[in-house]
Amino acid sequence: MKTMKKTLLFITAALAGLLTTSCEQDLPVWEDHTARLNFYNESKTDTLQSYCFVYHNEVPQDTVWMRVTTMGFPADHDRTFELQQVMTGEDDAVAGTHYVAFDNAELRKHYVIKADSVGAYFPVVVLRHETEADKVFTLKFTIKDNDEFKVGYNDLLYKYVKITDMLVKPSNWTGLMNYMFGQYGTEKHKFMIKVSGNLWDEEYIAANKFNNYSQADQNYMFYLSTMFQEALDKENAERAARGEGPLTEANGSIVFFPM
């Protein structure tokens, strides 16, 4: 009986040793100290941002703020990162004309992940170029490998900024907006801004839920559409007194509000 107990104890100890060795082999200590960097997106639409100087009067330049996040261990020192433009071949933004170059000495001071941090906001400085006010320029850029960071996930490596000095149709001018205010037009858009003092851009439309049938205050929208049409009637009367025709879009269609 004693011999059997000793044998069982020996087998148990041997199995424990094998299990320990197996676990150590299956779960190696992670020793990859490579730091990587990704752009941060709260949603898929964050990949593309637009900046329209028309909304900002005579501002010669402005800043679009974006965010990066790190992969890997935090560091006990500040770490710089780098950005670089990616050419698309179609109306690409030009450094020094449409935006401040990413290697600008003053700008690079802001491309830093602070010690013990895992992310940071960084600026993209866009420039107004009034001689090309009728075009939209694309600034596509990515993260550049350097001594501190390597690139991260492929689907978080690119950002786009559309830079223009002309009004463009807000992406959420659909459905209810079309019903209440009619089809989009740049002259109509300018007129609405002038009359209301509001931008009627994507942010303004979304904030007021004007593109949401179930949540929008449709009575208020009806009031606004009526107000715009009354103001337009007055505008067209003044134009007629000067011997001019009614307000039209570039294609000749007359501006009107359906309500």
[atom1] of [X] to [atom2] of [Y]: how many Å apart, nearest 0.5 Å?
X: Asn208; Y: Met221; atom1: CG; atom2: CE; answer: 9.0 Å
X: Thr138; Y: His98; atom1: OG1; atom2: NE2; answer: 10.5 Å
X: Glu203; Y: Asn172; atom1: CD; atom2: CG; answer: 10.5 Å
X: Ile143; Y: Arg36; atom1: CD1; atom2: CZ; answer: 11.5 Å
X: Arg79; Y: Asn146; atom1: CZ; atom2: CG; answer: 10.5 Å

- Query: Ring centroid separation for Tyr99 and Phe102, is it under 6.0 angstrom?
  - Reply: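 When the ring centroids of Tyr99 and Phe102 are compared, they turn out to be within the sub-6.0 Å range.
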- Query: Tyr40 and Phe122: aromatic ring centres closer than 6.0 Å?
  - Reply: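 Distance test on ring centres: not under 6.0 Å, no.
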Do you know the tightest heavy-atom contact between [X] and [Y]?
X: Asp62; Y: Phe53; result: N-CE2, 4.3 Å
X: Phe137; Y: Asp92; result: CD2-O, 3.9 Å
X: Cys52; Y: Met166; result: SG-O, 3.1 Å
X: Glu148; Y: Asp78; result: OE2-O, 4.3 Å
X: Ile163; Y: Ala93; result: CD1-CB, 4.3 Å
X: Val112; Y: Phe81; result: N-CE2, 3.4 Å

- Residue that, paired with Phe257, satisfies ring-ring contact (aromatic ring centres under 6.0 Å, His included) out of Tyr179, Phe228, Phe222: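 One option only clears the test, and that one is Phe228.
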Can you establish whether the number of heavy atoms outside [X] located under 6.0 Å from its atom [atom1] is more than 12?
X: Lys150; atom1: NZ; result: yes
X: Lys114; atom1: NZ; result: no
X: Glu244; atom1: CD; result: yes
X: Gln218; atom1: CD; result: yes

Donor-acceptor contact present, side-chain [X] to main-chain [Y], <3.5 Å:
X: Gln49; Y: Lys162; answer: no
X: Thr164; Y: Lys135; answer: yes
X: Ser196; Y: Met192; answer: yes

- Message: Closer than 4.0 angstrom, basic N to acidic O: yes or no for Arg128 and Asp165?
- Response: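 Answer for the salt bridge query: yes.
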- Salt-bridge test for Glu235 and Lys194: reply yes if a basic N is under 4.0 Å from a carboxylate O, no otherwise.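 Looking at Glu235 and Lys194, the cut-off is met.
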- Query: Does one side chain, of Tyr204 or Asn198, offer a donor that lies under 3.5 Å from an acceptor on the other?
  - Reply: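 Asn198 and Tyr204 do have a side-chain donor-acceptor pair below 3.5 Å.
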- For the residue pair His189 and Trp173, categorise the inter-ring angle as parallel (less than 30°), tilted (30 to 60°) or perpendicular (more than 60°).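 Because their plane-to-plane angle lies in the 30° to 60° range, the rings of His189 and Trp173 count as tilted.
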